[in-house]
*Asks:* 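Structure provided below as structure tokens; questions to follow.
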Amino acid sequence: MRLATARDELLPLYDARVQENAAYTTVVLLGRVITSLGTLGAVTSAVVENMFASDVAFLQDFYRRINAEGHTRIAVTCPECSHRFTADLAGGRLGES
């Protein structure tokens, strides 16, 4: 996923699907900013709309972390030893996951 531009956030507002149902904004927006996903050649709004709701929720949170909070770190706890640490969801540089 890459950092969103103002254009990424504005263009969905002109999409007929978004005008009909505002909740579709997330689908269109994620389809614009996800640069790669597994072995898929391209990620489009059609791909996003067929994802499980829990996967879309994860991607929405990831989008928020990158664009609003400026980081992709998350606090986690080891289920075996209860050690708490921070993990980077991006695995790389900010906005280039």
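Scope of the values below: all heavy atoms of this structure, side chains included, with no hydrogens, waters or symmetry mates. Numbering starts at 1 and runs along the sequence shown.
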*Asks:* Without swapping roles, check the side chain of N67 against the backbone of L3 for a donor-acceptor pair under 3.5 Å.
*Replies:* no
*Asks:* Which residues pass the salt bridge (Lys or Arg N to Asp or Glu O under 4.0 Å) test with D55, not counting sequence neighbours?
*Replies:* none
*Asks:* Is it the case that the side chains of R17 and S45 hold a donor-acceptor pair, with the cut-off being a distance below 3.5 Å and no angle test?
*Replies:* yes
*Asks:* To the nearest 0.5 Å, how far apart are OG1 in T26 and OH in Y63?
*Replies:* 9.5 Å
*Asks:* Closest heavy-atom contact between R2 and R32?
*Replies:* NH2-O, 3.2 Å
*Asks:* Taking Q19 for the side chain and L13 for the main chain, is one N or O donor matched with an acceptor at less than 3.5 Å?
*Replies:* yes
*Asks:* Walk me through whether L29 and E9 qualify under side chain to side chain contact (heavy atoms under 4.5 Å, CB included).
*Replies:* CA-CA 7 Å; L29 183 58; E9 294 198 352; 4.2 Å; yes
*Asks:* For side chain to side chain contact (heavy atoms under 4.5 Å, CB included), just list the numbers for M1 and L30, CA-CA rounded to whole Å, side-chain angles, deciding distance to a tenth of an Å, and then say yes or no.
*Replies:* CA-CA 9 Å; M1 185 178 293; L30 289 175; 4.0 Å; yes
*Asks:* Output yes when a side-chain donor or acceptor of D15 lies under 3.5 Å from a complementary backbone atom of P12, and no otherwise.
*Replies:* no
*Asks:* Using 0.5 Å steps for rounding, measure from the OG1 atom of T25 to the CG atom of L11.
*Replies:* 12.0 Å
*Asks:* Looking at side-chain heavy atoms only, is the closest gap between V48 and V43 below 4.5 Å?
*Replies:* yes
*Asks:* Membership question, hydrophobic clusters at under 4.5 Å side-chain separation (ILVMFWY): are F62 and L40 in the same one?
*Replies:* yes
